[in-house]
J.: 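Got a structure for you, questions after.
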Amino acid sequence: MATNAIDQTRRMLSLVTYLRERPGAHVQDVARAFGITEDELISDLDVLPMCGTSFRGGDLLDIDTDGDRIWWHNPDDVAEPLRLAADEATALLVAARAVATLPGLRESDRQALVRATAKLETAAGESGAASSRLSVTFEAEGGVFADVDRAISERRRLWLRYYSPARDELTEREVDPIRLFAVGHTYMEGWCRLSEARRTFRLDRVAEIRLLDAPAAPPELELRDLSEGLVQPAAEDPEVVIEVGTGGRWVAEYYPHDSAEELSDGGLRITLRTPDPASLRRLALRLGGEGRIVAPPELAESARTAAREALAAYDTV
């Protein structure tokens, strides 16, 4: 079953208490206790060291693992009573009030947040009163995230207007959401009723979203392992060879590839695999004089044609 963001947050908070009481706990035992895979647990453990009791970089959770056991090196330090400075209390209160207004937030979670905010405001005194004069407006992605999270929780279908950069167009589609995840950007994985296939949608490319009354009923799918990144080419995908100059070496950093051979001019000859080679035409146009598609020949010619058409369009302006 897919886990939404709020459920994952609850799990990670429980994980902190669990690990404090069980120093040196075995990874497999902890994963079994929380009903998750060992990979999911390791992913949680990668996040926890970025959390703590100070907004200024100190008192973070010093938690690590050797792959077999989990060690928490500073539980006593983190357990000390929290002392917030005035600016920290103000920032926390403003953020809490903003989150409480998000559409799609479960009412039980909203009420719990309101109660916690009221307690914090009382403890903060004058700083808490001053924070009430500040407000935050979320970007569109925040609202999209809340709607997707609610749809997953209530198992409802979504209607989207979604921008596809590969086709440079907006499409309308109905999606049965499966899960939310973050790999650089925040994504929704779901079963697209338009294409009748599993698709991944970047939240900042959702132009419009609406919850539908229809129940979400995605087929039983094995969740992809995203530990190696979002794009994981398959061995049977077509092979593409690109040569880039020194100004295009960044391609090897952003695109998963099989090999990157050094060229005499300081560039690279990059071999990669992709299920949709045509999507690399846009990359070739972006590279301009700093790169070219070498193989397959038909894709190289297609890229040259696209470049000529682009230049011709400029000539007519």
J.: In Å and rounded to the nearest 0.5 Å, what is the CG to CG distance from L180 to L203?
T.: 6.0 Å
J.: For T271 and E239: C-alpha separation, side-chain torsions, deciding distance, then whether side chain to side chain contact (heavy atoms under 4.5 Å, CB included) applies.
T.: CA-CA 7 Å; T271 302; E239 185 178 87; 3.5 Å; yes
J.: Quick one: does E290's side chain have a donor or acceptor within less than 3.5 Å of a partner on G247's backbone?
T.: yes
J.: With no hydrogens and no angle check, is any side-chain donor or acceptor of D176 less than 3.5 Å from a backbone partner on R157?
T.: no
J.: So, are E40 and R11 salt-bridged, with charged N and O less than 4.0 Å apart?
T.: no
J.: Nearest 0.5 Å, what's the CD-CG distance between E243 and L287?
T.: 12.0 Å
J.: Just by distance, do the side chain of R269 and the backbone of V244 share a donor-acceptor pair under 3.5 Å?
T.: no
J.: For W159, is the NZ or CZ atom of R210 found under 6.0 angstrom from the centre of its six-membered ring and inside 45 degrees of the ring axis?
T.: yes
J.: Check the pair R308 / T305 against side-chain hydrogen bond (donor to acceptor under 3.5 Å, both in side chains), numbers first and verdict last.
T.: CA-CA 5 Å; R308 286 194 294 266; T305 299; 3.3 Å; yes
J.: Between R150 and D147, does any side-chain N to carboxylate O distance fall below 4.0 Å?
T.: no
J.: R199: what forms a side-chain contact (heavy atoms from CB on, under 4.5 Å) with it, not counting sequence neighbours?
T.: C192, S195, A197, F201
J.: Salt bridge (Lys or Arg N to Asp or Glu O under 4.0 Å) for E208 and R161? Distances and angles first, verdict last.
T.: CA-CA 5 Å; E208 190 177 351; R161 287 184 67 237; 3.7 Å; yes
